[in-house]
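A short worksheet on the structure shown next.
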Protein chains: 2
Amino acid sequence: MALQAGGVSDDVARRLRERGIRPSVQRVAIARVALASHRHPSADEVWEQVKERLPMVSRATVYNTLNRLVEEGLLRSFASAQGHTVFDPNTAPHHHLVDDATGTIYDLPWEALAVDGVDALEGFEVRDFQVVLHGRPTRRSR
Amino acid sequence: MALQAGGVSDDVARRLRERGIRPSVQRVAIARVALASHRHPSADEVWEQVKERLPMVSRATVYNTLNRLVEEGLLRSFASAQGHTVFDPNTAPHHHLVDDATGTIYDLPWEALAVDGVDALEGFEVRDFQVVLHGRPTRRSR
DNA sequence: GCACTTTTTAGACCAAGTCTAAACATTGAG
DNA sequence: CTCAATGTTTAGACTTGGTCTAAAAAGTGC
């Protein structure tokens, strides 16, 4: 197998080590794909991509690693509109816009929308929230 | 099998007929459960409840009927935080609060929150939206 | 009552995700 | 370096939510 360019994978390995995750070859490869992704991939989509470089990697390892990355706060996961779990390396607060025709999920910056009334909600203690919009992009360039 | 009280099921049958759905015994029983529910049940939860009155009803009929009710606008469906499809008879716009500890989903009235900035979004055409909050109820009485 | 259409049924099938037991890799002590 | 202990990965079995299919049953119109 080809050696990986030092810089990026070292950075990923460091981030894993910081969270107490031993940076095995497999875990670094999986984390590289998942942390760089901007398309909210499912676990199997990550698996496909990782297999291009590391053909013998097993599905269980990909699932276990992704779940571990979520536990350790390096990734977020949530259910897509189709009910499948997808992963998002953007752990900062942001909103989502779902194109129901394609299933694509777009990130919207937190500052793009203002939500008023959360503090005044009666009967609930709110930990966090986001706006989920349904619609479609009007430009191709996204 | 016991006859059903006329009033309610006649009402459900009428609503089905209005949408061009022939009100078979099974479909009325399924719709009665789903339309009366306030707990965002999954299809299998609806199936369990329907079977109490109509033990021979098949899973396929429940799934088909619920999907049909969604198509015809009598129900909404969406993916819960756990990634399972759940059904909601409240088709008016409203927000959701998810208790991650229990998976329970609470409805919040549309007027409880104000979202600002949707019209000003660049690059997207928005069809609808809602706020999804995570937290927990502070009162038992819900 | 009879041909036709619609609905329901049981169970096969499928896909996403988890679990398991065995193989493999890594580490630290001697 | 060798060994034992521990941690990780693997293939494949398993589970679960959901769909599909072919045949039986029910409903419709003449």
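These numbers were taken from a predicted model, which means no experiment stands behind them. Convention: sequence-line order gives letters A, B, ...; per-chain numbering from 1.
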Rounded distance (Å) that lies between atom [atom2] of [N] and atom [atom1] of [X]:
X	N	atom1	atom2	answer
W47(B)	dG11(C)	CH2	P	11 Å
R68(A)	dG7(D)	CZ	P	11 Å
F78(A)	dA16(C)	CZ	P	17 Å
I21(A)	dT8(D)	CD1	C1'	13 Å
L66(B)	dT8(C)	CG	P	12 Å
K51(A)	dT9(D)	NZ	P	17 Å
L69(A)	dT8(D)	CG	C1'	15 Å

Checklist entry - When clusters are formed from ILVMFWY side-chain contacts under 4.5 Å, directly or step by step, what else is grouped with M56(A)? => result none
Checklist entry - Would you say the side-chain atoms of H95(B) pair up with the backbone N or O of V131(B), donor to acceptor, closer than 3.5 Å? => result yes
Item to check | Set of residues satisfying salt bridge (Lys or Arg N to Asp or Glu O under 4.0 Å) with respect to R22(B), sequence neighbours excluded | outcome: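 Not a single residue meets the salt bridge (Lys or Arg N to Asp or Glu O under 4.0 Å) criterion with R22(B).
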Next on the checklist: Between K51(B) and E48(B), does any NZ, NE, NH1 or NH2 come within less than 4.0 Å of an OD or OE carboxylate oxygen?
Outcome noted: yes
Checklist entry - Roughly how far apart are L108(B) CG and E122(A) CD, rounded to 0.5 Å? => result 12.0 Å
Next on the checklist: Hydrogens and angles aside, do D44(A) and H84(A) bring a side-chain donor and acceptor to less than 3.5 Å of each other?
Outcome noted: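 No donor-acceptor contact under 3.5 Å links the two side chains.
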Next on the checklist: Within the 3.5 Å criterion, strictly below it, is a donor on D107(A) or H40(A) matched to an acceptor on the partner's side chain?
Outcome noted: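 Yes, a side-chain donor-acceptor pair sits under 3.5 Å.
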Measure the shortest side-chain to side-chain distance between [X] and [Y] over non-hydrogen atoms and say whether it is less than 4.5 angstrom.
X	Y	value
D88(B)	H96(B)	yes
D116(A)	D116(B)	no
R15(A)	L35(A)	yes

Checklist entry - For every nucleotide of nucleotides 10-21 of chain D, 5' to 3': is a protein heavy atom under 4.0 Å from its base (B), only from its sugar-phosphate (S), or from neither (-)? => result BB-----SBBB-
Checklist entry - Given pairs defined as Watson-Crick or G-U wobble with both distances under 3.5 Å, what dot-bracket annotation applies to DNA chain C, with ( ) intrastrand, [ ] crossing, | other strand and . unpaired? => result ||||||||||||||||||||||||||||||
Tell me which donor-acceptor pairs under 3.5 Å the side chains of residues 66-79 of chain B have, and how far apart each pair is, sequence neighbours excluded?
from   : atom 1 : to     : atom 2 : distance (Å)
N67(B) : ND2    : Y63(B) : O      : 3.3
R68(B) : NH2    : G20(B) : O      : 3.4
R76(B) : NH2    : T91(B) : O      : 3.3

Check nucleotides 21-27 of chain C against the protein and report each pair of N or O atoms closer than 3.5 Å, with its distance, or say if there are none.
from    : atom 1 : to     : atom 2 : distance (Å)
dT26(C) : O3'    : R22(A) : NH1    : 3.4

